[in-house]
Amino acid sequence: MNADVNPRQASSITRQRLVLGNWKMHGNQADNATLLSALAQGVQAGGTEVGVCVPFPYLAQAQQALSGSTVSWGAQDVSAQEQGAFTGEVSGAMLTDFACRWVLVGHSERRSLHAETDAQVADKAKAALAAGLTPVVCVGETLAEREADDTLAVIARQLAPVLALGAPAVSRMVLAYEPVWAIGTGRTASPEQAQDVHAAIRQSLEQLGAGGVRVLYGGSVKAASAASLFAMPDIDGGLVGGASLVADEFLRIAAA
């Protein structure tokens, strides 16, 4: 391959870059209004696709602020159930009532703090698809697992029930690799470390027949590190945590 050719451009499948913000449990109506307005005005059409995943109470605010802009929005979790006596749960149909496009499933904080299993994550992804949402399926290893050289085995285990849903389903998803040891710690996997894992994920997707699925990197993504991460051939954008709460920083990441 010619060294001057971008590997992404050289691929037979063009994957549009995607940058999603994950607000986690942050925000209030006043601060949200300022942030959403800055994003709506600051993200231009074309190039990178940009979205934000906000807490449930602020979905209506996000819908109102971002409708008509090039910024999409979504939620941070979804129930595997369609409806019923499931106090505290939010269904996919409820999310579509607010015109959500995205929903995160299997974020490491859901796995660790709420004991979500790999099978439950797959069930949530399936439910999201049934509601017309795009699930962003998160996978990633802990520091202990990386130090034990178990990273790829952990990722394969987490992905197995998702990939078992089949190529037609997986092709409608986005995947996000977020090393747990780099989330909220200020530590970031080097572009080469991230690319190694993304390449393994891509290989699994290609074997399934879903090679065009976008795979994002998450884990303390900052404007200063975004360009080098996004330059890797199998990294299709970022799932951004804390930096997505600062409009200028998030816009710089999106423009990287």
State, to 0.1 Å, how close [X] and [Y] come at their nearest heavy-atom pair, and which atoms those are.
| X | Y | answer |
| --- | --- | --- |
| S67 | W73 | OG-CH2, 3.7 Å |
| E145 | E141 | OE1-CA, 3.4 Å |
| Q61 | N32 | OE1-ND2, 3.1 Å |
| S79 | A127 | O-CB, 3.6 Å |
| A226 | V221 | CB-CG1, 4.3 Å |
| K222 | A243 | CD-CB, 4.3 Å |

So do the side chains of [X] and [Y] get within less than 4.5 Å of each other, counting heavy atoms only?
| X | Y | value |
| --- | --- | --- |
| F56 | Q76 | no |
| D77 | V90 | no |
| L245 | F250 | no |
| L163 | L205 | yes |
| V52 | L39 | yes |
| Q63 | D97 | no |
| S91 | E82 | no |
| V105 | V78 | yes |

Could you tell me the separation between the [atom1] atom of [X] and the [atom2] atom of [Y], rounded to the nearest 0.5 Å?
| X | Y | atom1 | atom2 | answer |
| --- | --- | --- | --- | --- |
| S244 | K24 | OG | NZ | 9.0 Å |
| Q64 | L66 | CD | CG | 10.0 Å |
| R101 | T134 | CZ | OG1 | 5.5 Å |
| L165 | D123 | CG | CG | 8.0 Å |
| Y217 | D236 | OH | CG | 15.0 Å |
| C100 | L59 | SG | CG | 4.5 Å |

Within the side chain of [X], is there an N or O that forms a donor-acceptor pair under 3.5 Å with the backbone of [Y]?
| X | Y | answer |
| --- | --- | --- |
| S228 | S225 | yes |
| R202 | G211 | yes |
| H107 | E109 | yes |
| S72 | V50 | yes |
| R17 | G238 | no |
| E49 | G46 | no |
| T96 | A93 | yes |

Salt-bridged, D150 to R157, with N to O below 4.0 Å? no

Any salt bridge linking E178 with R111? Criterion: basic side-chain nitrogen under 4.0 Å from a carboxylate oxygen. no

Do other residues, nucleotides or ligands put more than 12 heavy atoms under 6.0 Å from the CG atom of D149? no

Do other residues, nucleotides or ligands put more than 12 heavy atoms under 6.0 Å from Q83 CD? no

Could you see if [X] belongs to whatever hydrophobic cluster contains [Y]? Use Ile, Leu, Val, Met, Phe, Trp, Tyr and a side-chain cutoff under 4.5 Å.
| X | Y | value |
| --- | --- | --- |
| V154 | V162 | no |
| L152 | V213 | yes |
| I201 | V180 | no |
| L35 | L239 | no |
| V174 | L129 | no |

Given L251 and V43, is the side-chain contact (heavy atoms from CB on, under 4.5 Å) satisfied, shown in steps? CA-CA 7 Å; L251 289 170; V43 177; 3.5 Å; yes

Look at the rings of H198 and Y177 and say which category their plane angle falls in: under 30° parallel, 30 to 60° tilted, over 60° perpendicular. perpendicular

K124 vs R110, side-chain contact (heavy atoms from CB on, under 4.5 Å): CA-CA, chis, key distance, verdict: CA-CA 12 Å; K124 289 187 173 190; R110 299 295 308 178; 4.2 Å; yes

In sequence, state the C-alpha distance, the side-chain angles, and the governing distance for L175 and V139, and then conclude on side-chain contact (heavy atoms from CB on, under 4.5 Å). CA-CA 8 Å; L175 302 185; V139 297; 5.9 Å; no

Looking just at side-chain N and O atoms, do Q195 and D234 make a donor-acceptor pair shorter than 3.5 Å? yes

Verify side-chain contact (heavy atoms from CB on, under 4.5 Å) between L18 and W102, making sure each step is shown before the conclusion. CA-CA 12 Å; L18 171 63; W102 317 101; 3.8 Å; yes

